[in-house]
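Take a look at the structure set out below.
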Amino acid sequence: MLYVIEARDKPDALEIRLAARPAHLKFLDSLGDNLVLAGPFLDDNEKPCGSLVVIKADSLDAARAIAAEDPYVAAGLFASSEVRRWAWAVKAPAGL
């Protein structure tokens, strides 16, 4: 099953994001084939202001547990985040 992790950064948190980014990228890489796609939301000035991550997980609880392991969470980057079940309906790659 696919899950979307959608998170919004705290205001003025770019330094937190940049400091935690190497660990965040390592974390994403550790997900292997369970990571479908990931990237930042950008503000009007093209600066990161949030994250969108799509993962494969067996359940909503498992997806929430994965989301909680993100180093951005430990760094206190996010003002809010949500994990939701998602269906890729249009132009989905084979096997998803």
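FYI, side chains are in, hydrogens and waters are out, and symmetry mates aren't considered; it's all heavy atoms of this structure.
- When all heavy atoms are compared, the tightest approach of Asp43 to Cys49 is N-SG, 3.6 Å.
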Stepwise side-chain contact (heavy atoms from CB on, under 4.5 Å) check, Val54 with Tyr3: CA-CA 6 Å; Val54 178; Tyr3 293 88; over 6 Å; no
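- To the nearest 0.5 Å, atom CG of residue Asn34 and atom CG of residue Leu2 are 10.0 Å apart.
- Between Ile5 and Ala67, the closest heavy-atom pair is CD1-CB, 3.7 Å.
- When all heavy atoms are compared, the tightest approach of Leu14 to Pro48 is CD1-CD, 4.1 Å.
- Contact between Pro22 and Leu18 at its shortest, heavy atoms only, is CD-O, 3.7 Å.
- Summarising the geometry of Ile66 relative to Ala57, their closest heavy-atom pair is CD1-CB, 4.4 Å, with the distance given to 0.1 Å.
- When side chains are defined from C-beta on, Lys10 does not count as touching Leu77, because their heavy atoms never get closer than 4.5 Å.
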Audit row: Ile16, Phe78, side-chain contact (heavy atoms from CB on, under 4.5 Å) steps and yes/no: CA-CA 10 Å; Ile16 296 170; Phe78 300 134; over 6 Å; no
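- Proximity of a side-chain donor or acceptor of Arg21 to a complementary backbone N or O of Tyr72 within less than 3.5 Å is not detected.
- In this structure, the side chains of Arg64 and Asp61 come closer than 4.5 Å at one or more pairs of heavy atoms.
- Criterion: ILVMFWY side-chain heavy atoms under 4.5 Å apart, direct or through other members. Under it, Val83 and Val73 are not part of a common hydrophobic cluster.
- Without hydrogens or angle criteria, Asn45 side chain to Lys47 main chain gives no donor-acceptor distance under 3.5 Å.
- The line from CG of Leu37 to CG of Leu28 is 10.5 Å long, rounded to the nearest 0.5 Å.
- At a threshold of 4.5 Å between side-chain heavy atoms, the hydrophobic network of Ile, Leu, Val, Met, Phe, Trp and Tyr places Leu35 and Leu60 in one connected group.
- Every pair passing side-chain hydrogen bond (donor to acceptor under 3.5 Å, both in side chains) that includes a residue from residues 84-96 is listed here, sequence neighbours excluded: Glu6-Arg84.
- No continuous path of hydrophobic side-chain contacts links Leu25 to Phe41 [ILVMFWY only; heavy atoms under 4.5 Å].
- Across all their heavy atoms, Gly50 and Arg17 have their closest contact at O-NH2, 3.0 Å.
- Under the 4.5 Å side-chain criterion, counting only non-hydrogen atoms from C-beta, Pro71 is not in contact with Lys26.
- Put simply, Val4 and Met1 are part of two different groups of oily side chains (I, L, V, M, F, W, Y) that touch within less than 4.5 Å, one to the next.
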